[in-house]
Amino acid sequence: MAIKDRDALLKECEISTTTDPIESSGGKYSFWTKRDKIKWTSCLFFGTATLYSARTIMPVCIVSISKEMGWDKTESGTVLSGFFWGYTMTQFLGGYLSDRVGGDVVLPIAACLWSLMCFWTPQLVYLSTNHHNSLYIMVVSRVLLGIFQGFHYPGITSLISRKVSQQERSFTYSIISSGSQFGTLLVGCVGSLLTEYYGWSVPFYAIGVCGLSWMLFIRYVLIARQQKTISLSLNEAQLLENKQNAPEKTSVPWVVLFTKPAFWSLLVGHYCENNAFYILMSWMPTYFHENFPTAKSWVFNVVPWMISIPSTVGSGWLADNMISKGYSVTFVRKTMQTVTFCGTAFFLFLISYVKSYEGCLICMAMAIACCGFHHSGISVNPQDIAPKHAGSVFGLMNMAGAIPGFIGVYIAGHVLEVTKSWNAVFGQTAVVCLFGWVVYTLFGTGKKII
């Protein structure tokens with residue numbers, strides 16, 4: 001086939017061969033065309049929303065479940081933190097597999113598993129009438145949910161690093177990541193209403209069905225249609241393009257990576273930000289239930305996440321706009337993280353001095369909104385420093401970031417049980433944020449290091 005004919009077929013199938021592709025030992029990775037990027041970004045947005053719905057329905061329902069099961073705050077904290085024990089286990093594996101076989105292969109399989117786990121959770125908790133046994137079963141179900149969900153973000157990171165140019169990654173990733181706030185918002189609104197009127201088990205069933213539906217769509221509609229289009233339109237050109245788009249098979253130079261302060265600043269910064277985010281996500285409903293018992297749950301479970309969506313997407317647009325105007329990637333990433341850490345710490349300190357319900361709601365909403373800037377900073381940074389191994393690097397980084405999910409959330413519950421002080425929890429969380437800001441500001445970078 002002539003080169004001219006091959007290029008015409010590639011153009012017809014909308015497979016981009018320009019736009020600053022990533023060099024690799026096997027050739028070049030072509031980026032998504034504009035239409036492909038819109039389809040994939042939209043699909044991954046809704047997948048992330050469903051994933052976070054499955055993750056955050058437990059904090060929304062924990063008050064009702066604890067009352068029914070007779071759990072105290074330490075036991076409730078154990079259930080909430082159980083998710084992150086499992087979530088930590090599969091971060092690196094998810095990144096490794098995504099880099100080897102492709103994120104589009106890993107994501108549907110993982111979605112099938114975590115959707116089924118969410119769907120069957122209400123049935124599992126009733127397997128035993130014994131107080132301790134039901135607690136153990138619920139903890140195990142949360143651990144398994146975390147194990148299966150641990151593949152999601154590394155898969156997305158690996159996929160974006162290969163299919164989106166550096167100048168557009170922040171905005172693309174922030175849109176996809178804003179699905180987490182959208183899913184949490186839906187759970188806070190719809191989930192709260194379903195729990196109030198139909199019982200806490202109904203939201204679990206609904207989310208499980210949504211997750212399975214998304215898995216079927218991405219596997220048998222989006223991916224299958226794309227593969228069919230290429231196979232019907234390309235012959236020789238297809239073989240060349242498949243070779244160019246094959247996931248990188250070279251091993252990650254971990255020894256070199258571990259000697260770089262910039263990599264360690266990623267781990268520390270991601271840990272510190274996630275510590276704040278997971279504590280707020282897990283304990284915010286309980287905080288408002290205890291301090292403002294007459295407040296409507298669908299309000300304080302919705303407003304903070306409603307504000308965080310535009311902050312997350314807006315930070316992505318701002319980051320890409322700054323890069324396109326000539327600001328260094330390092331400067332942009334550190335700017336986003338300054339807003340994240342300092343903004344979150346400020347509002348967590350402030351909430352200790354605010355007494356009104358409206359004031360506390362505003363402080364909580366602004367703290368979570370500041371967390372949204374993290375998706376344009378450290379969260380996308382592995383794609384800057386290790387574009388060929390972004391999935392593996394992100395997996396390791398997110399494994400460190402998942403640790404506060406079970407340590408921080410559990411400790412917060414224990415502190416509340418012993419001291420009855422929310423100010424102590426918010427104060428120490430703010431200090432951890434400031435520590436992460438100092439470390440990343442000193443050692444972080446947006447330059448490629450491996």
Side-chain angles (χ1 to χ4, degrees), residues 37-38 40-42 44-46 48-49 51-52 153 156-157 160-161 164-185 265-266 268-278 280-281 303-348 362-385 390 394 397-398 401 430 433-434 436-437 439-441 444-446:
K37 187 168 64 176
I38 291 174
W40 275 95
T41 301
S42 301
L44 293 175
F45 168 85
F46 286 109
T48 302
L51 175 126
Y52 254 79
Y153 271 106
I156 288 178
T157 301
I160 292 177
S161 69
V164 181
S165 65
Q166 187 180 62
Q167 291 76 19
E168 299 176 326
R169 284 175 191 163
S170 298
F171 188 53
T172 302
Y173 191 83
S174 66
I175 291 177
I176 295 171
S177 297
S178 67
S180 63
Q181 287 92 351
F182 182 70
T184 307
L185 186 153
S265 72
L266 277 185
V268 173
H270 198 54
Y271 177 97
C272 294
E273 194 280 335
N274 278 9
N275 180 71
F277 181 78
Y278 289 145
L280 293 177
M281 180 183 71
V303 172
W305 306 108
M306 184 179 295
I307 295 177
S308 66
I309 292 176
S311 75
T312 300
V313 176
S315 69
W317 174 86
L318 178 61
D320 283 347
N321 193 45
M322 291 174 68
I323 293 174
S324 66
K325 288 185 176 181
Y327 290 94
S328 69
V329 177
T330 300
F331 176 79
V332 172
R333 300 298 179 231
K334 290 183 179 180
T335 300
M336 298 298 108
Q337 284 306 131
T338 297
V339 176
T340 298
F341 286 129
C342 295
T344 302
F346 172 77
F347 287 108
L348 287 179
I362 291 173
C363 287
M364 194 69 74
M366 293 306 299
I368 293 176
C370 289
C371 289
F373 282 75
H374 182 71
H375 296 298
S376 301
I378 287 179
S379 287
V380 76
N381 207 195
Q383 302 172 41
D384 303 321
I385 68 173
F394 181 88
M397 182 187 80
N398 217 30
C433 284
L434 294 177
W437 172 63
V439 172
Y440 187 72
T441 301
T445 184

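Computed from heavy atoms alone, side chains included, the values below leave out hydrogens, waters and symmetry copies.
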- Gap between atom CD1 of Ile176 and atom OG1 of Thr48 - 0.5 Å precision: 6.5 Å
- Message: Please report the interatomic distance CG(Leu348) to SG(Cys370), rounded to the nearest 0.5 Å.
- Response: 9.5 Å
- Cys363 versus Phe347, closest heavy-atom pair with distance: O-CB, 3.6 Å
- Message: Is it the case that the side chain of Thr312 and the backbone of Ser178 share a donor-acceptor pair, with hydrogens and angles ignored and the cut-off at 3.5 Å?
- Response: no
- Item | CH2-CD distance between Trp317 and Glu168, expressed to the nearest 0.5 angstrom | 14.5 Å
- Query: Would Phe171 and Leu318 count as a side-chain contact (heavy atoms from CB on, under 4.5 Å) if you check the C-alpha gap in whole Å, the side-chain angles of each, and the deciding distance to 0.1 Å?
  - Reply: CA-CA 8 Å; Phe171 188 53; Leu318 178 61; over 6 Å; no
- Query: How about Thr172 and Asp320: do any of their side-chain heavy atoms sit closer than 4.5 Å?
  - Reply: no
- Phe331 to Met322 - nearest heavy-atom pair and separation: CE2-CE, 3.6 Å
- Message: Would you say that Val164 contacts Thr41 through its side chain, given a criterion of any heavy-atom pair below 4.5 Å between the two side chains?
- Response: no
- Task: Could you tell me which non-hydrogen atom of Gly269 sits nearest to which non-hydrogen atom of His374, and how far apart they are?
- Result: O-CE1, 4.4 Å
- side-chain contact (heavy atoms from CB on, under 4.5 Å) with Met364: which of Val303, Leu280, Ile307? Leu280
- Calculate, to the nearest 0.5 Å, the distance between atoms CZ and CG belonging to Phe182 and Leu185 respectively. 7.0 Å
- Message: Working note: Val329 + Ile323, criterion side-chain contact (heavy atoms from CB on, under 4.5 Å); need CA distance, chi angles, decisive distance, verdict.
- Response: CA-CA 6 Å; Val329 177; Ile323 293 174; 4.2 Å; yes
- Is the backbone of Val380 close enough, under 3.5 Å, to the side chain of Arg169 for a donor and an acceptor to pair up by distance? no
- Task: Any pair with a residue in residues 333-347 that passes salt bridge (charged side-chain N to carboxylate O under 4.0 Å, His left out), sequence neighbours left out, goes on the list, sorted by first then second residue, please.
- Result: Arg333-Asp384
- Task: Could you walk me through whether Leu266 and Ile385 pass side-chain contact (heavy atoms from CB on, under 4.5 Å), step by step?
- Result: CA-CA 10 Å; Leu266 277 185; Ile385 68 173; 3.4 Å; yes
- Message: Check the orientation of Tyr52 and Tyr153. Use parallel for under 30°, tilted for 30 to 60°, and perpendicular for over 60°.
- Response: perpendicular
- Query: What's the spacing between Ser177 OG and Ile160 CD1 if we round to 0.5 Å?
  - Reply: 7.0 Å
- Task: Taking all non-hydrogen atoms of both residues into account, name the closest pair between Ile368 and Pro304 and its distance.
- Result: CD1-CB, 3.7 Å
- Partner set under side-chain contact (heavy atoms from CB on, under 4.5 Å) for Cys433, not counting sequence neighbours: Ala276, Phe341, Thr344, Ala345
- Message: Measuring only between side-chain heavy atoms, which start at C-beta, is Phe346 closer than 4.5 Å to Met366?
- Response: no
- Query: Between Gln181 and Ile309, what is the shortest heavy-atom contact and its length?
  - Reply: CB-CG1, 3.6 Å
- Heavy-atom pair with the smallest gap, counting every atom of Phe45 and Ile175: CD1-O, 3.1 Å
- Item | Contacts of Ser376 that satisfy side-chain contact (heavy atoms from CB on, under 4.5 Å) - sequence neighbours left out | Ser174, Ser315, Ala319, Met336
- Item | Thr330 side chain vs Gly446 backbone, donor-acceptor pair below 3.5 Å | yes
- Residue from Asn275, Asn398, Asn381 passing side-chain hydrogen bond (donor to acceptor under 3.5 Å, both in side chains) with His270: Asn398
- Does the pair Gln167 and Ser324 meet the rule for a side-chain contact (heavy atoms from CB on, under 4.5 Å), with working shown? CA-CA 7 Å; Gln167 291 76 19; Ser324 66; 5.7 Å; no
- Message: Can you classify the ring geometry of Tyr173 versus His375 as parallel (below 30°), tilted (30 to 60°) or perpendicular (above 60°)?
- Response: tilted
